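My questions all concern the structure below.
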Amino acid sequence: MSYEILVNNPGTATVKNVVVIDQVPAGMAHPNGKILRRELGNLPPNATKSLSIVLRATHDGQQCNRVTVESGNVGNTEKSMCTQVMPRPL
């Protein structure tokens, strides 16, 4: 499964030291582990940066991927995206 994460700055000042932290749910896997961290640097006003994260389902059921965006001067925000993973047909 591929998740596209969009980080935008709708404000009038640069957001500094932006970091995206993806906490991989228990029923999914990524080759780099359960906590993925990507530093995006500074985000100027009206700018958007995107990144893709590909996860592999290891269990069926609802899997909720939680992403936190941290910055050095604006604060943090968190969003989740849930996916229903269906069992493989026999």
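Everything quoted here is computed from the prediction, not taken from an experiment.
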Nearest heavy-atom neighbours spanning Val24 and Gly33: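 It is CG2-O, 3.8 Å.
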Side-chain donor/acceptor of Asn8 to backbone N/O of Ala47, under 3.5 Å: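 Not at all, since once roles are kept as given, no pair shorter than 3.5 Å links the two residues.
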Distance, nearest 0.5 Å, that separates OG1 of Thr14 from CG of Leu43: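 Between atom OG1 of Thr14 and atom CG of Leu43 there are 8.0 Å.
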Distance-minimising heavy-atom pair for Pro45 and Gly11: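 Closest heavy-atom pair between Pro45 and Gly11: CB-O, 3.2 Å.
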Which atom of Val85 lies closest to which atom of Gln63, heavy atoms considered: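 The pair with the smallest heavy-atom distance is CG2-CG, 3.7 Å.
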Under 3.5 Å: donor-acceptor pair, side chain of Thr58, backbone of Gly27: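 Here the side-chain-to-backbone pair exists.
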Gap between atom OG1 of Thr83 and atom CE of Met28 - 0.5 Å precision: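 Between Met28 CE and Thr83 OG1, I get 6.0 Å after rounding to 0.5 Å.
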Heavy-atom closest contact (Gln62 atom, Cys82 atom, distance):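 Taking Gln62 first and Cys82 second, the nearest heavy atoms are NE2-CB, 3.4 Å.
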Heavy-atom neighbours of Met81 CE exceed 12 at 6.0 Å: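 Counting other residues, nucleotides and ligands, CE of Met81 stays at 12 neighbours or fewer.
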Of all pairs that satisfy side-chain hydrogen bond (donor to acceptor under 3.5 Å, both in side chains), the ones with a partner from residues 17-46, not counting sequence neighbours: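 For residues 17-46: Asp22-Asn65, Gln23-Arg66.
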Any Val69 side-chain heavy atom under 4.5 Å of Val19 side chain: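 Answer no - side chains too far apart.
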Between OG on residue Ser71 and CG on residue Asn76, distance to nearest 0.5 Å: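 Taking OG in Ser71 and CG in Asn76, the distance rounds to 6.5 Å.
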Expected output: side-chain Lys49 to main-chain Leu40 donor-acceptor under 3.5 Å: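 Confirmed, Lys49 side chain pairs with Leu40 backbone.
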Hphob cluster co-occupancy, Val20 + Tyr3, side-chain heavy atoms under 4.5 angstrom: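 Per the 4.5 Å side-chain linkage, Val20 and Tyr3 are co-clustered.
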4.5 Å side-chain heavy-atom contact, Ile21 and Val67: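 Side-chain contact under 4.5 Å: no.
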Interatomic distance, Lys79 atom NZ to Cys64 atom SG [nearest 0.5 angstrom]: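 One finds 14.5 Å between NZ of Lys79 and SG of Cys64.
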Point-to-point distance, once rounded to the nearest 0.5 Å, from CD of Glu4 to OG of Ser50: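 Glu4 CD to Ser50 OG: 5.0 Å, rounded to 0.5 Å.
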Side-chain touch Val7/Thr48, heavy atoms, less than 4.5 angstrom: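 No; the side chains remain at least 4.5 Å from each other.
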Separation of Leu51 CG from Ile5 CD1 (nearest 0.5 Å):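 Those atoms lie 4.5 Å apart.
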